[in-house]
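Just so we're clear, the structure is a prediction, and the values are computed from it rather than from any experiment. Throughout, protein chains are lettered first and strands after them, A, B, ... in sequence-line order, and every chain is numbered starting at 1.
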There are 2 protein chains.
Amino acid sequence: MSEATVTRAPRRADAQRNYEIILATARAAIAERGANIVLEDIARDAGVGIGTLYRHFPTRQDLLEAAFLDEALELRARAIALADAPSTFDALVSWLRLQRDFGAHGRSMGAAVMNAKHTEGTEIQIACASMRDAGAVLLQHAQAAGEVRAEVELVDVLRLIHGIVLANEQAPDARRVEGMFDLVIAGIRT
Amino acid sequence: MSEATVTRAPRRADAQRNYEIILATARAAIAERGANIVLEDIARDAGVGIGTLYRHFPTRQDLLEAAFLDEALELRARAIALADAPSTFDALVSWLRLQRDFGAHGRSMGAAVMNAKHTEGTEIQIACASMRDAGAVLLQHAQAAGEVRAEVELVDVLRLIHGIVLANEQAPDARRVEGMFDLVIAGIRT
DNA sequence: TTGCAACCGGAGGCATCCTCCATATAGTAT
DNA sequence: ATACTATATGGAGGATGCCTCCGGTTGCAA
């Protein structure tokens, strides 16, 4: 996964170091235990004070978004890679499956992030938008090929998939998830 | 909505009174502000101590479930009433729409409740099960009429609708909800 | 009226989020 | 090297919300 090390306003070396350590620790914790991490634990594991964590990530949401940034970029890259696939429909479905798995893996962190309304111009907002743009291409291809209904909107499909992840958070059941996913796929088909 | 006043083991009059006041207060609060109510507030508004609330409803989930019980019974009744409708497909869709609206109204309280795994034999578990049974009849009718694919399972459809509610909790958008719902309906159609 | 089992209610323990500010330090100017 | 200062640190503690515990109260049966 690409390290999206964004070089922003000049920071002191120790600040930059702590920023990265905190983010890495959070990413690991989220991957392992889900999005409802305890920020105090992250700070301890990262070896910094809680105050330091809060300076770099003023709200819980900020930390989650920063951790999710990589995933958004990754999903965007995948969409672009799939744009040349022979079957437009399969490409779209594969990408949607990735969306589902990424969400399930990060324990709906993706969903938690996607669900929030981002202020225009935010780094995460831009990343999400460009991820959606890349996905929209897949959808358009499939629609142009007449395999997906013309009136289907990507936003709805994505949000539906996030809904699947959310609805299966408490009692995850692969069979159930698969069934729900198939239902959505059937719904977009011509 | 029918008052599901369940007369259980004999209780002192004051206990029974408080039980009902708390439940009514909680229901009103949930309808107005959603499922993430503050139990301390409920107790205060009901004019009882927090200890009293917790005696009657040992966990937050217990209170939510009790408040949801009526909705489950109502949804069951609606399903039974719709079983005689001329169009089996429309009947099913109407009922699913109810599911969606009830969830949105109670701010996904329904979803929160449905999502939890209930221990066998619980009052709420039985209510939910019989609600699902009633809904399953609608699905079977529509399937028998060849209007819904045979492999569609009710559980998946219901959970998908709860997912819609969950995914739209933060930033509710009627247009989005409608689009997602239509997508699901398209997905079950033959 | 009396006795007691059932019931009440709120103080307080615990977890978590987040703020504030006295202290420490990186980087720069001398 | 030294001093200076803008920047960064970190943990004490305030706020909120969940839930438990137990001394005091009360309905109700005899």
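Rounding to whole angstrom units, CG of residue A:N36 and C1' of C:dA15 are separated by 13 Å. One can place CG of B:D41 at 7 Å from P of D:dG17, the figure rounded to the nearest angstrom. Rounded to whole Å, the distance from CG on B:L53 to P on D:dG17 is 15 Å. Atom CD of B:Q61 and atom P of D:dC19 are 10 Å apart (whole Å). Rounded to an integer number of Å, the gap from B:R44 CZ to D:dG17 C1' is 13 Å. When rounded to the nearest whole Å, the span between CD1 of A:I42 and P of D:dG10 equals 16 Å.
Residue side chain B:E40 reaches the base of D:dC19 through a donor-acceptor N/O pair under 3.5 Å, judged by distance alone.
For A:D45, the side-chain contact (heavy atoms from CB on, under 4.5 Å) partners are A:T25, not counting sequence neighbours.
Within the structure, a side-chain polar atom (N or O) of B:H56 is placed less than 4.0 Å from OP1 or OP2 of C:dC8. Distances shorter than 4.0 Å separate none of the side-chain N or O atoms of A:N18 from OP1 or OP2 on D:dA8. Between D:dG10 and A:T52, a contact under 4.0 Å exists linking OP1 or OP2 to a side-chain N or O.
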Distance-only donor-acceptor pairs under 3.5 Å for side chains of residues 144-155 of chain A, two or more places apart:
residue, atom, partner, partner atom, Å
A:E147, OE1, A:T88, OG1, 2.9
A:E147, OE1, A:F89, N, 3.4
A:R149, NE, A:G187, O, 3.3
A:R149, NH1, A:E151, OE2, 3.1
A:R149, NH2, A:G187, O, 2.7
A:E153, OE1, B:R176, NH2, 3.1

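Nearest nucleotide to the A:V48 side chain, out of C:dC7, D:dG10, D:dA8: D:dG10.
Here B:I37 lies in heavy-atom contact (under 4.0 Å) with sugar-phosphate atoms only. At a threshold of 4.0 angstrom between heavy atoms, the contacts of B:L39 are confined to the sugar-phosphate backbone, with no base atom among them.
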Checklist entry - Can you give one letter per nucleotide of nucleotides 21-30 of chain D, going 5' to 3': B for a protein heavy atom under 4.0 Å from the base, S for sugar-phosphate only, - for none? => result -----BSS--
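We find that B:R175 and B:D173 are not joined by a salt bridge, their nearest charged nitrogen and carboxylate oxygen being 4.0 Å or further apart.
With A:T59 contributing its side chain and A:D62 its backbone, the two residues share a donor-acceptor pair below 3.5 Å.
Checking B:G49 against A:V38, the closest nucleotide of DNA chain C that is more toward the 5' end is the one next to B:G49. Heavy-atom nearest nucleotides on DNA chain D were determined for A:I50 and for B:T59, and the one closer to the 5' end corresponds to A:I50.
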Next on the checklist: I'd like to know whether A:L23 forms a side-chain contact (heavy atoms from CB on, under 4.5 Å) with A:L63, so could you lay out the CA-CA distance, the side-chain angles of the two residues, the decisive distance to 0.1 Å, and finally the verdict.
Outcome noted: CA-CA 7 Å; A:L23 191 49; A:L63 180 56; 4.3 Å; yes
Item to check | Audit row: A:R100, A:E178, salt bridge (Lys or Arg N to Asp or Glu O under 4.0 Å) steps and yes/no | outcome: CA-CA 10 Å; A:R100 181 197 66 185; A:E178 198 60 36; 3.1 Å; yes
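Around CZ of B:R60, the count of heavy atoms belonging to other residues, nucleotides or ligands within 6.0 Å exceeds 12.
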